[in-house]
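In what follows, a structure is listed as structure tokens, so that the remarks can point back to it.
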Protein chains: 2
Amino acid sequence: MEELVALLREKGYKITPQRRAVIAALLESEKFPTAQQVLEIVKKTNPDVSLDTVYRNLGLLIELNIVYEINTQSSAGNVFEIVHIHHEHHHHLVCLVCGKTECIDICPVNQDYIAEVEKRGFEVTGHTFEFYGKCQKCREAKS
Amino acid sequence: MEELVALLREKGYKITPQRRAVIAALLESEKFPTAQQVLEIVKKTNPDVSLDTVYRNLGLLIELNIVYEINTQSSAGNVFEIVHIHHEHHHHLVCLVCGKTECIDICPVNQDYIAEVEKRGFEVTGHTFEFYGKCQKCREAKS
DNA sequence: ATACTATTTACGAATATTACTATCTAGGAG
DNA sequence: CTCCTAGATAGTAATATTCGTAAATAGTAT
């Protein structure tokens, strides 16, 4: 936590209680939370925080590659994962039936890809990669 | 066009004028359109079509891997690309400044990935992959 | 500790996207 | 051609997400 705060401060961003609370919520959440769920956790300690603030802070953290947004293709909304400094960069399997997301410890992006893209004058700052389908549990539960 | 209609019919989906119009709009659009833009094109021939219908049809086409939804991370909304049968499956570079999307003729998903994922009991039906960053034009236009 | 300024916030309003439901229609059966 | 039914549509209402703005505040300089 303090590592992240230091990083933000270093980049010139202000450390507000709301911002700390959003980060804390992401750190303490067991499942990947939606923006709404982040807000609920945040409200336990900071009852007046608005959803807007949650989204704004998530957006900032995403820009800084501190948070990864997982597009769930579900109406319940996207979920967010904080990138722990001691974790490998990775991606996810999203079940379109139950909405659960599992991690997979692989990333397809290597230097060849980056080189290919930058050869075209494009500056890469991030990427998304997700598999969609049906998880084991939902496959077994076929009617 | 008729190929796609035949495919849909084969799978048991009904061919409505609205559905044809959505497909036609995607085929005739030069840029990747947003849902709103698809609706505008559709309305030229079918003025009473609702946005809801556009989204529903796009959703169906996405499920069938006939259309690819590009998450633009922009408030203007996502854009949609119809997968021409004679095109390689590919992905995109999305400029976060101007919102333009360029195609790149590479896809990182190979049999090894699929095998790794299915080993875990997950059935893959699709995937997304996008690079985000800044396009050449926007890099040159730095202030 | 006080004043200053750029960020940040809360709130309300604007879009994007999805869901619900009564009605309608494409495609098949007779 | 007419009837029938599952799937599709239009319209409205519900969420998810973003934006605009005036007021509040973190961090810096005094």
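Letters A, B, ... mirror the listed sequences (proteins, then strands); counts begin at 1.
Using modelled atom types, no side-chain atom of N57(B) and backbone atom of L60(B) make a donor-acceptor pair closer than 3.5 Å. Here the side chain of R19(A) pairs a donor or acceptor atom with the backbone of K14(A) at under 3.5 angstrom.
Between L8(A) atom CG and dA6(C) atom C1' there is a gap of 16 Å when expressed in whole angstrom units. The interatomic distance linking L58(A) (CG) with dT9(C) (P) rounds to 11 Å, in whole Å. Between D48(A) atom CG and dT9(C) atom P there is a gap of 13 Å when expressed in whole angstrom units. The CG atom of N71(A) sits 17 Å away from the P atom of dA16(C) (whole-angstrom rounding). One can place CD of E10(A) at 13 Å from P of dT28(D), the figure rounded to the nearest angstrom. Note: OH (Y55(B)) to P (dT17(C)) measures 3 Å, nearest angstrom. Separating the CG atom of L61(B) from the P atom of dA8(D) is a distance of 11 Å, rounded to the nearest angstrom. One interatomic measurement links the two molecules: CZ of R20(B) to C1' of dA26(C), which rounds to 12 Å at whole-angstrom precision.
Below 30°, between 30° and 60°, or above 60°: for H127(A) and F129(B) the angle between ring planes is above 60°, a perpendicular geometry.
Side-chain proximity of N78(B) to the nucleotides dT17(C), dA10(C), dA26(D) is greatest for dT17(C). Nearest nucleotide to the D52(A) side chain, out of dT17(D), dG27(D), dA10(C): dA10(C). Listed candidates were dG27(C), dA6(C), dT9(D). Nearest to the side chain of R19(B) is dT9(D). Comparing dA10(D), dT9(D), dT25(D) against the side chain of K14(A) picks out dT25(D) as the nearest.
We find that E63(B) and K11(B) are not joined by a salt bridge, their nearest charged nitrogen and carboxylate oxygen being 4.0 Å or further apart.
For the pair R56(A) and dT9(C), the criterion of a side-chain N or O lying under 4.0 Å from OP1 or OP2 is met. Taking side-chain N and O atoms only, Q36(A) has a distance below 4.0 Å to OP1 or OP2 of dA16(D). The side chain of Q18(A) places an N or O atom within less than 4.0 Å of a non-bridging phosphate oxygen (OP1 or OP2) of dA10(C). Taking side-chain N and O atoms only, T53(B) has no distance below 4.0 Å to OP1 or OP2 of dA8(D). For the OP1/OP2 pair of dG27(D) and a distance below 4.0 Å, the side-chain nitrogens and oxygens of R9(A) include at least one atom meeting the criterion. When the side-chain nitrogen and oxygen atoms of N57(A) are compared with OP1 and OP2 of dT9(C), one or more of them lie within a distance under 4.0 Å.
A rotation axis mapping the C1' atoms of four pairs onto the next four is fitted at both ends of the helix from dA1(C)-dT30(D) to dG30(C)-dC1(D) over five pairs, and the angle between these axes is 30° to 10 degrees.
Comparing S74(B) and P17(B) along DNA chain D, the residue whose closest nucleotide (by nearest heavy atom) sits nearer the 5' end is P17(B). Residues L60(B) and S75(B) both approach DNA chain D. Their nearest nucleotides, taken by heavy-atom distance, put L60(B) toward the 5′ side. Toward the 5' end of DNA chain C, the nearer of the two residues Q73(A) and Y13(B), judged by each one's closest nucleotide, is Q73(A).
A centroid separation of less than 6.0 Å is found between the aromatic rings of H92(B) and F32(B). Ring centroid separation for the pair H91(B) and F131(B) does not come in under the 6.0 Å cut-off.
Residues Y113(A) and V124(A) share a hydrophobic cluster, clusters being chains of Ile/Leu/Val/Met/Phe/Trp/Tyr side chains in contact below 4.5 Å.
Residue L51(A) is in base contact, counting any heavy-atom pair closer than 4.0 Å across all strands shown.
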Could you check R56(A) against T53(A) for side-chain hydrogen bond (donor to acceptor under 3.5 Å, both in side chains), going step by step and ending with a plain yes or no?
-> CA-CA 5 Å; R56(A) 228 171 335 88; T53(A) 293; 3.1 Å; yes
